[in-house]
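As structure tokens, the structure follows; a few thoughts come after it.
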Protein chains: 2
Amino acid sequence: MVTIKDVARVAGVSPATVSRALNDSPLIREETKARIRRIAQELGYERNELARGLVKGASGAIGLVIPDITNPFFAEVTRGVGEVAHARGYGVILCNTEEDPDRERSYIRLLRRKRVDGLILTSVTAEDPYLKALARSKTPFVLVSRACQLVPAPYVGVDDRLGGRLAVEHLVELGHRRIGFIGGPADVQSSLDRLAAFEAVLTEHGIPVREEWISFSDFTQRAGYRAGKELLRRKVRPSAVFAANDVVALGVLQAADELGLRVPEDLSVLGYDDISYAGLPRIELTTVAQPSFEMGKIAAEWLLSVLEGGPRRLYRLLTPKLVVRRTTAPAPSG
Amino acid sequence: MVTIKDVARVAGVSPATVSRALNDSPLIREETKARIRRIAQELGYERNELARGLVKGASGAIGLVIPDITNPFFAEVTRGVGEVAHARGYGVILCNTEEDPDRERSYIRLLRRKRVDGLILTSVTAEDPYLKALARSKTPFVLVSRACQLVPAPYVGVDDRLGGRLAVEHLVELGHRRIGFIGGPADVQSSLDRLAAFEAVLTEHGIPVREEWISFSDFTQRAGYRAGKELLRRKVRPSAVFAANDVVALGVLQAADELGLRVPEDLSVLGYDDISYAGLPRIELTTVAQPSFEMGKIAAEWLLSVLEGGPRRLYRLLTPKLVVRRTTAPAPSG
DNA sequence: TTGTACGCGTTATCAC
DNA sequence: GTGATAACGCGTACAA
């Protein structure tokens, strides 16, 4: 690979001059700059960011830790992060944990070895202790979508209590009193918040919370399918199900179909996220919309601004929005 | 950040010894190794891969260039790549081009500056000249799913001619003779191959190819919707549509629904990829399955093996599989 | 306005 | 077995 020295030799100047010219230093005469740039271009020079990172103490890359890139919600977050990172010349190192805490820890170590300038985490379980260690280190990080109670940390997400409330109140208003909840992993804050809202709304309306209608999955379609099958096979089953995300809701829909339950006539199903497939005519899933792409952008923008000396505080709770489609309907009178 | 020197000072040895110990060199006495490792651990040392990369001439990262991370097909490829890369300690720098050739070129440059050890490209348009330059450079790369005619390059994908053939023959066997095609971007090889198969099969069966029923989109749901609307609004419209991927097919389904066309009674729709949403009970899209996750894994495995001196040739054409579900049916007798 | 010299954190090549 | 020393490619204080 051609280095700054090669360019210097050809241009008949010192490497320092080349470095300055390429970094547009005001110290260099314009014509020299132009000449050096031209030569660099001709030689196909691309600066070595490893070397540059070593001396500047900044790698020009950020780490993005995601539980499941296959979930359109996180794909959108990823897209948002990539958009702003790239616009500012940063690279994004993607880490897909598959909801596995071990992988997550191992990824964080990888990212630290790579000296990423900052981290965006969407994969945090509610009380993982490694976050404490991270908070002590100097590397800035943001939590997206999944908060953490253990450590005060910069965060951007939607108000999941409110989102859960919107969802469950919608069901209650439709006359449902037998409502089930299928969450994500039991240690994910966003899922817990949605559950808390679920219980709160039921209680407010004097509807008993039935433990046997509450279950946890791992935020995948398959898990939603399984949990749905189990829930809907009970002798006494709910007339509505609130799934803690859309992917799970799609699994529930699948379970309902296989059991011969008509949606929404026999069963109302409500999701969370508003992934693009929720709006398909064949699906028409009622759900709570989150600005996922926006969240990725906000997180990245904040992170990059911190890297340039901006304020280190961030706490953004965006507002979720109920999107009523066709998987919810008034409760059957039975 | 704690460096090798800090560890050396605490351990009372030279930096060289620490480096050797941490790299498990046989030159170091076992007890010294153990002691040094313990100290490194206590100090929270993580080796600086920037520095390491600089001296070793290898960054320990690969670049992954994807047209649309939001498309489950590419999300699966990404997952496959990440799985094997991380198992071997490599980082993956993700670049989402949104099908924009300018972005693509700019990403490639970013990745070269970051000195990635290799590239996985799924975003190549059929005759982009930058590939030639890439081929001349020493950085190894693989093309996944989208081939390139301009340059002989390592490739893993499915046999799109065969896949297209399976699809169209299925329609013909169902008695369809008025068949439309909605492709991806006009310069994407995989889309072109599927089109070629489409035309070949029609011709073989003595069915005229009607240009006005052939159109191109950009491989998104929205584009599929638009193209579908246009196609299905014609006075004379096809009884079946072959969409060059599932996302586009979903858009076509949406268009059909809005126009009051029943699928599959009035219109058969066939996709390509078999993304996870294609199998939903509400969708049941007939499609051609590609082993997307597998393709990502194969590409990464090959790339990493090349980095360790393995053979530099690769050409894997996997076999696509027709998955018949419920969006295709015999042609209406009309 | 440009060149010289040093250091960033590692690993590799010599010595001892 | 272990320690000094020289790279890797770049940015930058200091000198000119």
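Chain letters run A, B, ... following the sequence lines, proteins first, then strands; residues in each count from 1. Predicted model, so just to flag it, every value in this text is computed and none were measured.
- Distance, B:Asp24 CG to C:dA12 C1': 17 Å, rounded to whole Å.
- Between A:Glu46 atom CD and D:dC10 atom C1' the separation is 15 Å, expressed in whole Å.
- Rotation axes derived from the C1' atoms of the five outermost pairs at either end of the helix from C:dT1-D:dA16 to C:dC16-D:dG1 lie 40° apart, to the nearest 10°.
- By the 4.0 Å N-to-carboxylate-O rule, A:Glu49 lies close enough to B:Lys114 to be salt-bridged with it.
- In summary, of the residues considered (A:Ile108, A:Leu121, A:Ile69, A:Leu111), a side chain to side chain contact (heavy atoms under 4.5 Å, CB included) with A:Cys95 occurs for A:Leu111 alone.
- Toward the 5' end of DNA chain C, the nearer of the two residues A:Pro26 and A:Ala16, judged by each one's closest nucleotide, is A:Pro26.
- A:Glu30 has no carboxylate O lying under 4.0 Å from a charged side-chain N of A:Arg35, or vice versa, which leaves the two without a salt bridge.
- As judged by a 4.0 angstrom heavy-atom cut-off over every strand, B:Arg47 is placed among residues touching the sugar-phosphate backbone only.
- Judged purely by distance below 3.5 Å, without hydrogens or angles, the side chains of A:Ser123 and A:Thr97 pair a donor atom with an acceptor atom.
- OP1 or OP2 of C:dG9 has not a single side-chain nitrogen or oxygen of B:Thr3 nearer than 4.0 Å.
- The interatomic distance linking A:Lys5 (NZ) with D:dG11 (P) rounds to 13 Å, in whole Å.
- With rounding to whole Å, B:Ile4 atom CD1 is found 19 Å from D:dA7 atom P.
- Between A:Asn48 and B:Arg112, the side chains place no donor N or O within less than 3.5 Å of an acceptor N or O (distance only, hydrogens not considered).
- If you take CZ of A:Arg113 and C1' of C:dG9, they are 15 Å apart, rounded to a whole angstrom.
- Nearest-nucleotide mapping onto DNA chain D: of B:Leu54 and B:Arg20, the residue sitting toward the 5' end is B:Arg20.
- In this structure, A:Asn48 does not reach the D:dC8 phosphate: none of its side-chain N or O atoms is under 4.0 Å from OP1 or OP2.
- Between B:Arg29 and D:dG1 there is no side-chain N or O to OP1 or OP2 distance below 4.0 Å.
- OP1 or OP2 of D:dG11 lies within a sub-4.0 Å distance of a side-chain N or O belonging to A:Ser19.
- The residue B:Leu27 sits close to a base: some heavy atom pair falls under 4.0 Å.
- C:dT2 atom P lies 10 Å from atom NZ of A:Lys33, rounded to whole Å.
- If you measure from atom CG of B:Asn23 to atom P of C:dA12, you get 7 Å, rounded to the nearest angstrom.
- When distances run from any side-chain atom of A:Lys56 to the nucleotides C:dT10, D:dG11, C:dT13, the shortest one goes to D:dG11.
- Sequence order on DNA chain D of the closest nucleotides to B:Val18 and B:Arg115 puts B:Val18 first from the 5' end.
- Judged by the 6.0 Å distance and 45° axis criteria, A:Arg79 is positioned over the aromatic ring of A:Phe293.
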Quiz prompt | Chi angles and distances behind the side-chain hydrogen bond (donor to acceptor under 3.5 Å, both in side chains) call for A:Thr220, A:Asp218 | solution = CA-CA 6 Å; A:Thr220 64; A:Asp218 64 3; 2.9 Å; yes
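- Atom OH in A:Tyr45 sits roughly 11 Å away from atom C1' in D:dG11 (whole-Å rounding).
- For A:Val55, taking side-chain heavy atoms from C-beta onward, the closest of the listed nucleotides D:dG3, D:dG9, C:dT10 is D:dG9.
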Exercise. Apply the test side-chain contact (heavy atoms from CB on, under 4.5 Å) to residues B:Tyr155 and B:Arg316: give CA-CA distance (whole Å), side-chain angles for both, the deciding distance (0.1 Å), then the verdict.
Key: CA-CA 6 Å; B:Tyr155 175 72; B:Arg316 278 286 287 281; over 6 Å; no
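- Listed nucleotides: C:dT10, C:dG3, D:dG9. Nearest to the side chain of A:Ser14: C:dG3.
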